[in-house]
Amino acid sequence: MKKNLIRTMAIALGLAIAAPASAQFNLGKAISAGKKAVQAATLTDAQMAAYVKESVDWMDANNPVTPDDDPYTIRLKKLTDGLNDVEGIPLNFKVYRVIDVNAFACADGSVRVFSSLMDIMSDDELLGIIGHEIGHVAKHHSKNAFRTELMTGALKDGIASTGGVAAALTDSQLGQLSESLINAKYSQKQEKEADDYGYQFLKSHGKNPWGMVQAFEKFQKMEAESGASSSYINKMFSSHPETKERIKRMTERCTKDGIARPAESK
């Protein structure tokens with residue numbers, strides 16, 4: 001991840017983000033992976049689920065998760081109250097205290113929000129982003145992207161399975177998978193599907209879907225004013241014309257549904 005670029009953007013925006021080097025997102029340790037014998041082609045859903053859990057557990061263990069009594073955790077818990085599951089997949093939320101501006105959701109329903117993103121987003125905007133990321137889980141975009149990365153990345157050397165139990169991944173492979181989870185880029189069709197699902201998900205849970213529009217607008221403004229972009233902006237918006245269309249479409253939907261736009265608070 002482009003930490004220097006993120007720092008430059010943060011300074012340009014006048015954000016007071018201070019974190020030691022150890023609080024930068026850890027994408028992997030330089031440990032040799034070693035080749036293993038091969039049954040990757042027969043990877044089952046159960047094995048993939050085990051790999052997702054292993055990857056999420058690894059990220060939580062290797063990055064600074066804010067404790068229960070931390071203001072970031074308290075805020076996120078309050079915002080996501082009632083967001084218990086999506087399409088039968090249980091949701092769980094944690095904050096990483098890191099300098100990168102990002103958020104992501106995994107196929108198992110794990111949603112991870114970075115503290116620096118929370119610093120610059122209002123409550124409604126943050127919920128808009130979370131709703132969008134949950135949309136990727138509901139539409140199985142996260143699952144399919146993870147499977148692709150397993151087959152072409154971490155498992156390209158072959159991972160053996162015995163009795164249907166997936167072999168453990170090395171730290172370097174888990175780091176590789178972590179990066180793919182965070183920086184996964186989706187097609188414009190998939191982004192549209194996540195927008196639409198996120199909108200309905202937020203609305204059905206009593207949250208204001210205008211926050212999604214406001215978050216998109218804020219990212220556009222950040223990029224225009226600073227002349228830089230974060231990895232999250234890059235993965236969310238593959239082309240500027242499409243971004244404008246997404247904002248327009250979601251704005252029209254909110255207006256048609258008679259939902260009031262919340263006041264800007266940040």
Side-chain angles (χ1 to χ4, degrees), residues 56 65-97 101-143 186 189-222 232-233 235-237 243 245-266:
V56 172
V65 176
T66 57
D68 290 342
D69 60 352
D70 187 276
Y72 285 112
T73 304
I74 294 171
R75 179 187 175 198
L76 185 61
K77 184 177 180 180
K78 181 179 179 181
L79 286 177
T80 58
D81 182 44
L83 306 185
N84 301 319
D85 68 273
V86 58
E87 302 296 327
I89 301 171
L91 296 170
N92 69 91
F93 303 87
K94 290 184 181 180
V95 180
Y96 289 167
R97 189 187 294 276
V101 176
N102 217 326
F104 64 96
C106 302
D108 69 337
S110 296
V111 182
R112 300 297 180 259
V113 183
F114 293 12
S115 59
S116 292
L117 178 66
M118 297 180 69
D119 287 338
I120 62 175
M121 291 289 160
S122 69
D123 287 352
D124 288 306
E125 291 163 352
L126 196 59
L127 274 172
I129 292 169
I130 290 171
H132 174 88
E133 294 300 325
I134 288 174
H136 283 306
V137 175
K139 303 303 290 185
H140 301 297
H141 302 155
S142 302
K143 176 181 177 180
Y186 301 108
K189 179 177 181 291
Q190 289 173 322
E191 295 293 9
K192 179 178 180 293
E193 289 175 346
D195 289 349
D196 289 339
Y197 192 97
Y199 177 98
Q200 191 59 40
F201 181 82
L202 292 172
K203 181 183 174 184
S204 66
H205 286 80
K207 313 295 184 181
N208 195 327
W210 267 108
M212 192 181 297
V213 175
Q214 291 175 305
F216 292 174
E217 291 173 340
K218 178 166 285 186
F219 280 129
Q220 273 196 319
K221 184 178 180 181
M222 286 168 57
Y232 192 74
I233 295 175
K235 79 172 184 177
M236 280 279 284
F237 308 130
T243 301
E245 177 57 33
R246 286 169 68 189
I247 291 173
K248 178 176 180 291
R249 190 167 58 84
M250 301 308 288
T251 296
E252 290 173 348
R253 187 169 180 180
C254 288
T255 302
K256 181 179 179 181
D257 286 347
I259 301 173
R261 178 171 177 138
E264 306 289 343
S265 60
K266 275 186 179 283

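- Between the CD atom in Glu133 and the OH atom in Tyr197 there is a gap of 14.5 Å [rounded to 0.5 Å].
- Pro209 places a side-chain heavy atom less than 4.5 Å from the side chain of Ile259.
- Within the 3.5 Å criterion, the main-chain N or O of Leu79 finds a donor-acceptor partner in the side chain of Lys207.
- The closest side-chain heavy-atom distance from Phe219 to Met121 is below 4.5 Å.
- Here the shortest heavy-atom pairing between Val137 and Ala105 reads CG2-CB, 3.6 Å.
- Ser110 places no side-chain N or O within donor-acceptor distance of the main-chain N or O of Cys106, the cut-off being under 3.5 Å.
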Evaluation steps, side chain to side chain contact (heavy atoms under 4.5 Å, CB included), between Ser116 and Tyr96: CA-CA 9 Å; Ser116 292; Tyr96 289 167; over 6 Å; no

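- By the 6.0 Å contact criterion, CG on Asp257 is enclosed, its count of non-hydrogen atoms from other residues, nucleotides or ligands being greater than 12.
- A salt bridge is defined here as a Lys NZ or Arg NE, NH1 or NH2 lying under 4.0 Å from an Asp or Glu carboxylate O, and Arg249 with Glu245 fails to meet this definition.
- Looking at Leu117 and Ile129, their side chains come closer than 4.5 Å, going by heavy atoms from C-beta outward.
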Side chain to side chain contact (heavy atoms under 4.5 Å, CB included) evaluation trace for Val86 with Leu91: CA-CA 7 Å; Val86 58; Leu91 296 170; 3.7 Å; yes

Would Phe201 and Leu83 satisfy side chain to side chain contact (heavy atoms under 4.5 Å, CB included), going step by step from the backbone distance to the final call? CA-CA 9 Å; Phe201 181 82; Leu83 306 185; 3.7 Å; yes

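- Looking only at distances, no side-chain donor or acceptor of Lys143 sits under 3.5 Å from a matching main-chain atom of Ala138.
- Asn208 contributes atom CG, which lies 6.5 Å from atom SG of Cys254 (distance to the nearest 0.5 angstrom).
- Each of Met212, Lys192, Gln214 was compared with Met250 under the side chain to side chain contact (heavy atoms under 4.5 Å, CB included) criterion, and only Met212 meets it.
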Please assess Val111 against Asn92 for the test side chain to side chain contact (heavy atoms under 4.5 Å, CB included), listing each intermediate value before the final yes or no. CA-CA 6 Å; Val111 182; Asn92 69 91; over 6 Å; no

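- Asp70 is linked by a side chain to side chain contact (heavy atoms under 4.5 Å, CB included) to Thr66, Pro67, Tyr72, Thr73, Arg97, counting only residues two or more places apart in sequence or in another chain.
- There is no side-chain donor-acceptor pair under 3.5 Å between Asp124 and Ser122.
- Contact of the Ile89 side chain with the Asp108 side chain is not registered, since no non-hydrogen atoms from C-beta on lie closer than 4.5 Å.
- Residues Glu125 and Ile120 share a closest heavy-atom pair of OE1-O, 4.1 Å.
- For His132 and Glu191, the side-chain atoms include at least one donor-acceptor pair closer than 3.5 Å.
- Cation-pi check for Arg246 over Phe216 is met; the charged atom lies under 6.0 angstrom from the ring centroid and within 45 degrees of its normal.
- Residues Val113 and Ile130 have side chains in contact (heavy-atom distance under 4.5 Å, counting atoms from C-beta outward).
- Residues Lys94 and Val65 come closest through the heavy atom pair CD-CG1, 4.0 Å.
- Comment: Glu217 engages Arg261 in a salt bridge, judged by a side-chain N to carboxylate O separation of less than 4.0 angstrom.
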Checking Gln190 against His136 for the side-chain hydrogen bond (donor to acceptor under 3.5 Å, both in side chains) test, could you report, in this order, the C-alpha distance in whole Å, the side-chain angles of both residues, the deciding distance, and whether it holds? CA-CA 8 Å; Gln190 289 173 322; His136 283 306; over 6 Å; no

Please report the C-alpha distance between Arg75 and Asp123 in whole Å, then the side-chain angles of each, then the deciding distance to 0.1 Å, and finally whether the salt bridge (Lys or Arg N to Asp or Glu O under 4.0 Å) criterion is met. CA-CA 9 Å; Arg75 179 187 175 198; Asp123 287 352; 2.9 Å; yes

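- Side chains of Lys77 and Phe93 form no contact here, defined as non-hydrogen atoms less than 4.5 Å apart.
- The side-chain heavy atoms of Phe114 and Asp119, taken from C-beta on, include no pair separated by under 4.5 Å.
- Remark: Lys248 NZ to Thr251 OG1 distance equals 9.0 Å, nearest 0.5 Å.
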